[in-house]
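Let me begin by presenting the structure, written as structure tokens, before commenting on it.
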Amino acid sequence: YFVSLMEKYLYDPNSPFRNEEQYIPVLKEVTASSLLAEKERLRYRSQLVMTLKNRVGQKANNITCTLASGESFSLWDLRSQYVLLLFSHPGWPACEAVTRRLESSPALNRALAMNSPTRTMLTILTVYPDSDSEEWKAHLPDLPKQWLHADDRAKEIIQKQLYDLKTIPALYLLDQDKKVIFKETSVETVESFFSVSG
């Protein structure tokens, strides 16, 4: 009963109290418990594996990004003081809403304006993690031109479970070493960070 409550409040993506760092000790205890059936332990073990990935302070998993032109690059190779990584499905209302909010954010636009040929303050990278590349390409004209838009052409994100995409859109803020500053965060948190940084 208590574990189900903790899952609801600390792990559910719709919970205002969501906090995977507080949920991890619960998962470690539960997966070692003999009080649960093996099927339940396996479910919690799967959650533990995913919550331990891309934690705040750790280097984010590398991904290969492919532009519409066919050019590919790795996330780790991006030279930028900050990378705002947005996993998105162009055309989905929730993704479009987040894109519009980020695009109109004064704090983010100030950070983007600081980019120069010799120094990149902020790179906003959208990554399409699903399989319909043609649908993704069809929506590219609607996306902000000053951002980078990439496709997971090799489908590694889902197949190798590199990121726990329980919900889309999903926002990550990374530093210049690609260490996670915020994991699956909100637009408001990102804006606040750049308001203070600016």
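Predicted, not measured: the structure shown is a model, and the values here were computed from it.
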Quick one: pull up [atom1] in [X] and [atom2] in [Y] and give me the separation to the nearest 0.5 Å.
X: E20; Y: L52; atom1: CD; atom2: CG; answer: 9.0 Å
X: T99; Y: I124; atom1: OG1; atom2: CD1; answer: 9.5 Å
X: L75; Y: L162; atom1: CG; atom2: CG; answer: 10.5 Å
X: T64; Y: F73; atom1: OG1; atom2: CZ; answer: 9.5 Å
X: S80; Y: Q176; atom1: OG; atom2: CD; answer: 9.0 Å
X: M50; Y: Q161; atom1: CE; atom2: CD; answer: 5.0 Å

* Starting from the C-alpha separation in whole Å, work towards a yes-or-no answer on side chain to side chain contact (heavy atoms under 4.5 Å, CB included) for V180 and Q58. => CA-CA 6 Å; V180 179; Q58 293 182 349; 5.6 Å; no
Any side-chain donor-acceptor pair under 3.5 Å between [X] and [Y]?
X: S133; Y: D151; result: yes
X: E191; Y: S105; result: yes
X: S72; Y: T66; result: yes

* To do: Would you verify whether the NZ or CZ of K166 falls within 45 degrees of the ring axis of Y11 while also being under 6.0 Å from that six-membered ring's centre?
  =>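 Judged by the rule (NZ or CZ under 6.0 Å from the ring centre, within 45° of its axis), K166 counts as positioned above Y11.
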* To do: Go through the steps to decide whether R101 and V98 satisfy the test side chain to side chain contact (heavy atoms under 4.5 Å, CB included), and finish with yes or no.
  => CA-CA 5 Å; R101 285 199 58 196; V98 166; 5.7 Å; no
For [Y], is there an ion pair with [X] - N to carboxylate O distance below 4.0 angstrom?
X: E184; Y: R18; result: yes
X: R100; Y: E103; result: yes
X: R45; Y: E38; result: yes

For [X] and [Y], indicate whether the former's side chain and the latter's backbone hold a donor-acceptor pair under 3.5 Å.
X: N115; Y: L122; answer: yes
X: R41; Y: L36; answer: yes
X: K178; Y: L78; answer: yes
X: W76; Y: A60; answer: yes
X: D177; Y: K179; answer: no
X: H149; Y: A68; answer: no
X: T189; Y: T185; answer: no

Please tell me if the side chains of [X] and [Y] come closer than 4.5 Å, counting only heavy atoms from C-beta onward.
X: F193; Y: I181; answer: yes
X: V127; Y: I157; answer: yes
X: L84; Y: T123; answer: no
X: N109; Y: F194; answer: no
X: V3; Y: Y44; answer: yes
X: R119; Y: Q81; answer: yes
X: R110; Y: S195; answer: yes
X: K53; Y: D164; answer: no

Within a reach of under 6.0 Å around [atom1] of [X], are more than 12 heavy atoms found that belong to other residues, nucleotides or ligands?
X: K160; atom1: NZ; answer: no
X: E21; atom1: CD; answer: yes
X: K155; atom1: NZ; answer: yes
X: K39; atom1: NZ; answer: no

For the residue pair [X] and [Y], what are the closest heavy atoms and their distance?
X: N14; Y: D12; value: N-OD1, 2.7 Å
X: T51; Y: K183; value: O-NZ, 3.3 Å
X: R153; Y: L67; value: NH2-O, 3.6 Å
X: P129; Y: S88; value: CD-O, 3.6 Å
X: S15; Y: Y9; value: OG-O, 2.7 Å

* Compute the centroid of each ring, for Y172 and then for F182, and state whether the two points are separated by less than 6.0 Å. =>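 No - the distance between ring centres of Y172 and F182 does not fall below the 6.0 Å cut-off.
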* May I ask you to decide if the ring planes of W92 and H89 are parallel, tilted or perpendicular, using 30° and 60° as cut-offs? =>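 W92 and H89: parallel rings.
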* Asked: Given V187, which of L171, L86, L108 fulfils the side chain to side chain contact (heavy atoms under 4.5 Å, CB included) condition?
  -> L171
